[in-house]
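Keep in mind that what you see is a predicted model, and the values were worked out from it rather than measured.
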Amino acid sequence: MRKTAKAAIFTLLLASTASAYDNHTHSRTDLAYAAGYKAQFICSGLFNGGKSLDDIEKDELTGIYDQIADIVPDLEAQIDYGKREVRVRFAEDAPPRIALWNDRTGCTAMPIGFGGVKGFPEPQARVFPTKSWPMGDIGAVAASTDQNTAMQAVAASAFREGDNPAGTNAYGGKTSAILVLKGEKIIVESYKPGHDKHTAQRTWSIAKSLAGTFAGNQVLQGLAAPEDPLALEQFQSFGDPRAGITLDNAMRMASGLVSDTAGNRTDPIYMGGASVKQRTTSWPILFQPGTRFRYANNDTLLAVQHLMANDVNFDPRDLLDRLGMRHTYVETDWQGTPILSSQVWTTSRDLARLGLLYLNDGMWPYGEDGPQRLLPEDWLEYVSAPSGPQPDGDVGYGATFWLMNNVEGVPADTIGAFGNRGQYLIIIPSMDIVIVRRGYDTRTDRFNLTAFTRDLVAIANDG
């Protein structure tokens, strides 16, 4: 391409960002975050999720943080489908924000002005074998019964009619998928238009419960124990009180550390291209470890770094493949640390597979090598125990799982993995039931999980 043509294209790209960049109500940081957010979600939605660009713009890039909501639409995204790369420019005097995809860990947000990629996983062919459920998709759905039909009617009432944003539904929010598994089979499975069993969405904080599952697998192998102090080099200086934080503290949101605003925002990592190690190990102690509940992405990310220190070959893909979760991507920062506080993309069926592992109390009888124990015998009991400090309200917290033990109309052994924008994985061991609900909810339009779960439980009890 001639130099003059390149200059013309560059001018057009700058013009497309002008309305956002010239708006002085936004800081440069907000602009950079907005560009990083857009690059990441377009990249992940296209190449992890298999979604259309229209659906990404409609679902993923609306209803987002107020801080960046009105900037994102004005930023132009350049998509290289061959390289699977997305670039979004946010300022005249800065390089674009870039998200790069690979076939093992999905999309990675690069820091502004990064100097090239080094150390990403080597490309490997993703194999989706034709196998029976749950290792594959053959025979996944149970035969229809009156009970199943009744549950399907409840599920249908959770969707907006025709996916009309102005429409209403019985439970609120904007539902994209509902799946109910009883025993080993799927008895309810519904998707909004444009989504199907292979459509992946971001789990948001359901990822934390997946991190707890990886921790359980390490405990089984003798590589970790809940009472172990976190093996982080940054905490080992003489006299550092953070050296007393245990894996259990981190899994129960009880590290005692100061955290990002509200305890649940990790903007420099999620939107700014910062590394996990750079951000999470810089906070001082605010409370004695194990004495205060403070929901914090950083606690989970500290636990993940502990798992990596225990096993230099730690790779989430290993356990995922053993569970048949082949449509799941655990995304990392640009230095290779899994962002298991939020950045996992997966399908509803893969979440059902995770729930099935817990229904089987950590045993996995479906692999080619026969039944295998993947979690310790008491791991379900451990993650379900409210033995640490508790949040306010009816819903408690165990170890990376929420507890619905005090919710009227729901069995006391019900645990859940909850994520932003209405991502829910509900596991009811006593009823042999897993419930998956995915959505694109907003702060002002939330899904009524309690009512939905209670209604499904009532039908199951009647059956």
Check for a donor-acceptor pair, side chain of Arg252 on one end and backbone N or O of Gly290 on the other, with a separation under 3.5 Å. no
Could you label the plane-to-plane angle of the Trp364 and Tyr366 rings as parallel, tilted or perpendicular, counting under 30° as parallel and over 60° as perpendicular? perpendicular
Stacked cation flag Arg437 on Phe452, 6.0 angstrom / 45 deg: no
Taking it one step at a time, do Gln221 and Asn217 satisfy side chain to side chain donor-acceptor pair (under 3.5 Å)? CA-CA 6 Å; Gln221 297 177 65; Asn217 186 249; 2.8 Å; yes
Between the side chain of Arg242 and the main-chain N/O of Leu230, is any donor-acceptor distance below 3.5 Å? no
Residue pair Asp66, Arg443: steps toward the salt bridge (Lys or Arg N to Asp or Glu O under 4.0 Å) verdict: CA-CA 10 Å; Asp66 291 342; Arg443 194 185 323 167; 3.2 Å; yes
Salt-bridge criterion met for Glu189 and Arg349 (N-O under 4.0 Å): yes
Roughly how far, to the nearest 0.5 Å, is the CE atom of Met325 from the CG atom of Leu351? 6.0 Å
Establish, from distance only, whether the side-chain atoms of Asn48 and Glu331 form a donor-acceptor pair under 3.5 Å. yes
Could you check if a side-chain atom of Trp379 sits within less than 4.5 angstrom of a side-chain atom of Leu220, using non-hydrogen atoms only? no
Do any N or O atoms from the side chain of Arg317 and from the backbone of Thr328 form a donor-acceptor pair under 3.5 angstrom? yes
Test salt bridge (Lys or Arg N to Asp or Glu O under 4.0 Å) on Arg373 and Asp378; report intermediate values, then the result. CA-CA 11 Å; Arg373 175 158 291 283; Asp378 60 350; over 6 Å; no
Has Ser52 got a side-chain atom pairing as donor or acceptor with Asp55's backbone, closer than 3.5 angstrom? yes
Please check this pair: side chain of Arg202 against backbone of Trp345, looking for a donor-acceptor N/O pair closer than 3.5 Å. no
About how many Å separate CG of Asp228 and CG of Leu223, when rounded to the nearest 0.5 Å? 10.5 Å
Please report the closest heavy-atom contact between Arg84 and Phe47, naming both atoms and the distance. CA-CE1, 3.6 Å
Nearest-0.5 Å distance that lies between atom OG1 in Thr346 and atom CG in Leu354: 8.5 Å
Sub-6.0 Å ring centroid separation between Tyr295 and Trp402: yes
Please verify the inter-ring angle class for Tyr65 with Tyr37; under 30° counts as parallel, over 60° as perpendicular, anything in between as tilted. perpendicular
For Gln40 and Ala109, indicate whether the former's side chain and the latter's backbone hold a donor-acceptor pair under 3.5 Å. yes
When you check the gap from the basic side-chain N to the acidic O, do Asp59 and Arg438 get nearer than 4.0 Å? no
Working to the nearest 0.5 angstrom, can you tell me the gap between Asn420 CG and Ile64 CD1? 11.0 Å
Is there a donor-acceptor pair closer than 3.5 Å between any side-chain N or O of Gln201 and the backbone N or O of Thr199? no
Pair Tyr329-Ser44, side chain to side chain donor-acceptor pair (under 3.5 Å): steps then yes or no: CA-CA 9 Å; Tyr329 294 88; Ser44 298; over 6 Å; no
Before accepting this row, confirm whether a basic side-chain N of the pair Arg104/Asp315 lies closer than 4.0 Å to the acidic partner's carboxylate O. yes
Under 3.5 Å, is there a donor-acceptor pair between the side chain of Lys208 and the main chain of Ser341? yes
Would His195 and Tyr440 count as a close aromatic pair, with their ring centres under 6.0 Å? yes
Between Arg265 and Tyr33, is NZ or CZ placed under 6.0 angstrom from the six-membered ring centre and within 45° of the ring axis? no
Can Arg322 be said to sit on top of Phe214's aromatic six-ring, NZ or CZ under 6.0 Å from centre and within 45° of the ring axis? no
Is it true that a side-chain atom of Glu85 and a backbone atom of Trp101 form a donor plus acceptor pair closer than 3.5 Å? no
With distance as the sole test, does Asp445 use its side chain to make a donor-acceptor pair with the main-chain N or O of Asp441 at under 3.5 Å? no
